[in-house]
Amino acid sequence: MLGKFIQTRNIGVRIFLNWQEKQSFGNFTCLHVKRKLSDMVNVLNVAEKNSVAKNVAQILGRGAIQTRETGSVYNKLYEFRVYVPSLQNQCLMKMTSVSGHLLSFDFGPEHRKWTSCNPQELFSSPIVRFVPETGMKIKKCLQREIRNCSVLIIWTDCDREGENIGFEIIDVCREVKPNLKILRAHFSEITGPAINRALNTLTEPNKKVSDAVDVRQKLDLRIGAAFTRFLTMGLQVPNNNNNNSDKNNQIISYGSCQFPTLGFVVERWKQREEFVPQPFWYITVESVKDGISCSWNWKRQRLFDERSCIAILSKISEHPTAKVTKINSKQKSKYRPYAMDTVTFERLASSKLRINAKRAMMCAEKLYTSGYISYPRTETNKFPPEIKLNDLVTAQQSSSEWGQFANRIIQNGGATPRNGNKSDQAHPPIHPTKYASNLNGDEKKIYELIVRHFLACCDKDAQGFEVTVQIEINEEIFTLKGLQIKERNYLEVYIYEKWYDKEIPQFVENEMFVPNDIDMKKSETTAPELLTEAQLIALMEKHGIGTDATHADHIEKIKERGYIMVTPTRHLMPKGLGIGLVEAYDDIGFEMSKPYLRAALEKDLVQICEGTKTPEHVLKTHINEYEKVYKESHKQKNRLFELVRTKINS
DNA sequence: GCAAGGTC
């Protein structure tokens, strides 16, 4: 086996020279080359984006790669030679890429113009699939290169969309070469071991997963377009942007993700609007001992009845002597963070670094394609047992900021990750894959967050000692808590969380003292705050609205449409138009702004992937559901539009 | 002029 391998490699080198000769001398060596090339299998490899193609080629080609232009500015072609186990052959690998989806769905020409048809027809009108102008150069490149290849290996991202993009590549290539052998590589980080493992474990691509995405695309297009045309043309809201749009109406869009996103913002706003503050009363006790002031907490916390509170106050004022009835001491831990999934990442970036989710994902994407971190779109928050965490921790020892901390983890017996219980069965939690020292700006901050979170997760919980003192004053109970931090552990590297000592005096059981002050205070309940971006993302995640990659886009979209705005305190506030749309649909009895419809679709898509439902069935069911809503809104359109107009003007 | 999902 080894002998064969070496021999094949030698042939590979010879052919390589001949191939270059062929380039230089045209047909001169043609016959000779033809004979030798027959030993070599030509393989076209296609990744989802150029950066992946480049880095995968660099790893597999061990630096011996040739770069060629493809006609598409962003997509290069990299050539190298490597032995591919599942083909049992030394291969001439041509590695190139698409730029995300290559194909696009749209209505046929007869339904594309807004005035061409009743929007309801869009639920059943023909849909065409085509390569948009922006992808034509990539398509030409794929079809040109596949002609002299017998194998196609798909290197798109290992998620649902990636599988679908894989089939787009397959369709385009099969158009010119129907009898291709097709293989799929599985990887979730671009490192030597992961990429070599992928090459050694090629499988068939998964059509079911790709089918699920087709269903999602068709549904989103039909429903989005039908309702958007209906609302925009029906409401005729004048456009206040002075752009060059020849249409004078503002677009009032509906989308299966943007509408529920809006719904969350409006719902919170409503809770706040409808909130009625409730007055409440509570008793405070102040004392001083050993020079330390203590504010004791009432066990009843608060009473909503003033007279009851007065009664208790007068009762304890009769014998205002406190007796220490209980002292509890216990170990207290502050837990280190779980391994990082995408939503946690987006929320931390937004709340701790003040980098909005959209920008944070862009930075993470760049760090991933540069090989610094693992794939940033993951729902997994537990590390697989086979991952070599100690190697990853060791790699961070070069840092002047957290290197010592990484070193300490290793010295103390190695990484002990705090794992959650979610796994998408495709990607590990977000973690650094190598040390980076040359980053700047937001990318640097994002990388630092990922590294510090990773090291914190691999370290130990912080340990403290909590003392709870309980007193009774004429049968009323009050408590005081003190905290002594013993071991900071993960907190030393995780600068985003704080934990403070709280010093309290020494007490002994049955000790008696007279408090310096006993008082009754009045306060009232406060309304919930408007949502922050971080909280909205958490809600979207919880209800399955959008993907890790698009949460941020949907929030941007509803801002752009004039449905919501951001307050100076960075809270999300719905505008009249947004409130009107949500209330109008609520009013005619449809939960369009609620997340349930999208969640139901998501569930069906998973079933398509698992093979328990057919794509045709799922598509038909959901189309029917939304068409019913459409017909009803059309029937009640005067009422619906009037409701929205009232809100816009209020 | 529409969606959501990829990416530059």
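We name chains A, B, ... by the order of the sequence lines, and we start the count at 1 in each one.
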Novice: Suppose we screen for salt bridge (charged side-chain N to carboxylate O under 4.0 Å, His left out). Which residues come up paired with A/Arg347, at least two apart in sequence or across chains?
Specialist: none
Novice: With sequence neighbours left out, what residues match A/Asp604 under salt bridge (charged side-chain N to carboxylate O under 4.0 Å, His left out)?
Specialist: A/Lys613
Novice: Please encode protein proximity along nucleotides 2-8 of chain B as a string of B, S and -, counting only heavy-atom distances under 4.0 Å.
Specialist: BBBBBSB
Novice: Please tabulate, for side-chain N and O atoms in residues 358-365 of chain A, each donor-acceptor pair with protein atoms closer than 3.5 Å (sequence neighbours left out).
Specialist:
unit_1: A/Lys358; atom_1: NZ; unit_2: A/Asp553; atom_2: OD1; d: 2.5
unit_1: A/Arg359; atom_1: NE; unit_2: A/Asp442; atom_2: OD2; d: 2.7
unit_1: A/Glu365; atom_1: OE1; unit_2: A/Arg377; atom_2: NH2; d: 2.6
unit_1: A/Glu365; atom_1: OE2; unit_2: A/Lys49; atom_2: NZ; d: 3.2

Novice: With sequence neighbours excluded, what pairs up with A/Lys559 under the side chain to side chain contact (heavy atoms under 4.5 Å, CB included) test?
Specialist: A/Ile555, A/Glu556, A/Ile564, A/Val566
Novice: Using the test side chain to side chain contact (heavy atoms under 4.5 Å, CB included), find all partners of A/Thr547 that sit at least two apart in sequence or belong to another chain.
Specialist: A/Ala549, A/Thr550
